[in-house]
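Working notes, structure below.
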Number of protein chains: 2
Amino acid sequence: MTTQTLTRNQGLVLDVLSHSQSPLSAYTILDKLRDSGFRAPLQVYRALDKLLEFGLVHRLESINAFVACAHPDEDCHAHGITAFTICETCGKVTEFHDHVIEDRLKGFARDRNFKTGKTTIEIRGTCAGCA
Amino acid sequence: MTTQTLTRNQGLVLDVLSHSQSPLSAYTILDKLRDSGFRAPLQVYRALDKLLEFGLVHRLESINAFVACAHPDEDCHAHGITAFTICETCGKVTEFHDHVIEDRLKGFARDRNFKTGKTTIEIRGTCAGCA
DNA sequence: CAATTGATGTAATAACATTACATTCCAATT
DNA sequence: AATTGGAATGTAATGTTATTACATCAATTG
Ligand SMILES: [Zn+2]
Ligand SMILES: [Zn+2]
Ligand SMILES: [Zn+2]
Ligand SMILES: [Zn+2]
């Protein structure tokens, strides 16, 4: 887990995500970075690919959006499966790890000789503040 | 949980999904139903919406595709969270329910006063046959 | 019959993501 | 200093997934 130096584009994208209260789509990020010189979706997607690889950003599959990792210093994606709650009202995302769930999923896969790649766990609903 | 009569379009879409060995995108379904008179994406999406509502079809969020429920007679979506393994090589999907996982997720949500809506659990990887 | 409701047909558009290709940057090696 | 090779970037075009808008049709019901 070496400290990773980000390129300008990667830094800009991460900065936008880090300052957002809710997940952002790639195109929303693009719009926010037009003034910084971004012109095309690919600039965003390329930066996101790297940030995902570095474990600094998560992709929320169920809403086609991206969020900055809440624990960027802990090499989050190396600590097993990350699960999320996503408030459909305010967009608030909470990130958590649960070893019991992880063991159950790994066990199920192992029992069937299924080689696990990326696992998605996302709970959509309403957060305490929005209830 | 009354027996549901499907409309013509709903029946056609379900039939295509039921006979497929792997998940299908809405546009793939559309292509397969051109000969049956389908002309526009909305015809597929509308049928899918209903089939999802009836619990006869599942949407795989991580691959933007749809699959027929493996247990259509058991009112699948009423029996808690459905989890999936998805083979990225052959497309094979396995559907399972795990009460331990479900209890953990429900517990996490309850502890935070998060009102749970739909929950997604999807494991992408390689199935035994493709390893 | 009139009114309501759910389903359908069609076109247009929006939203999300990738391919292709040319160029630039930068560090390592000669 | 010049060369070179890999990573990153810029840009345009295209591909894929999903929704909005509006007109029409069919079954139900009071
Ligand atoms: Zn994280
Ligand atoms: Zn909220
Ligand atoms: Zn099912
Ligand atoms: Zn397979």
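Chain A is the first sequence line, chain B the second, and so forth, proteins listed ahead of strands; every chain is numbered from 1.
- Here D:dA8 presents its P atom at 15 Å from CG of A:Leu12, a figure rounded to the nearest Å.
- Residues A:His19 and A:Val16 form no side-chain contact, since every pair of their non-hydrogen atoms from C-beta on lies 4.5 Å or further apart.
- With contacts defined as side-chain heavy-atom distances shorter than 4.5 Å, the pair A:Ile121/A:Ile101 qualifies.
- Sequence order on DNA chain D of the closest nucleotides to A:Lys50 and A:Gly37 puts A:Lys50 first from the 5' end.
- Regarding B:Asn9, its CG atom lies at a distance of 11 Å from the P atom of C:dT10, rounded to whole Å.
- Contact annotation: the side chain of A:Phe38 approaches that of A:Val44 to within less than 4.5 Å [non-hydrogen atoms, C-beta and beyond].
- A straight line from CZ of B:Phe38 to P of C:dT10 spans 11 Å, rounded to a whole angstrom.
- Salt-bridge annotation for B:Arg59 and B:Glu61: present, with a side-chain N of the basic residue lying under 4.0 Å from a carboxylate O of the acidic one.
- If you take CZ of A:Arg34 and C1' of D:dG10, they are 14 Å apart, rounded to a whole angstrom.
- No close placement of the A:His58 and A:Phe66 rings is indicated, their centers lying 6.0 Å or farther apart.
- Taking side-chain N and O atoms only, A:Thr7 has no distance below 4.0 Å to OP1 or OP2 of D:dA7.
- Contact annotation: A:Gln43 side-chain N/O to D:dG10 OP1/OP2 distance is under 4.0 Å.
- Look at A:Arg46 and A:Asp49 and you find no salt bridge, because none of the NZ, NE, NH1 or NH2 atoms lies under 4.0 Å from a carboxylate O.
- Rounded to whole Å, atom C1' of D:dA7 lies 14 Å from atom CG of A:Leu6.
- Following rounding to the nearest Å, A:Arg8 (CZ) and D:dG10 (P) show an atom-to-atom distance of 8 Å.
- The one candidate from A:Thr119, A:Thr116, A:Thr120 that meets the side-chain hydrogen bond (donor to acceptor under 3.5 Å, both in side chains) condition with B:Arg124 is A:Thr120.
- Between the CG atom of B:Leu33 and the C1' atom of C:dT8 there is a distance of 15 Å, given to the nearest Å.
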*In the 5'-to-3' direction, what one-character label does each nucleotide of nucleotides 11-28 of chain C receive under the scheme B = base within less than 4.0 Å of a protein heavy atom, S = sugar-phosphate only, - = no such atom?*
-----BBBBB--------
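- Atom pair A:Leu14:CG and D:dA8:C1' shows a separation of 17 Å (rounding to whole Å applied).
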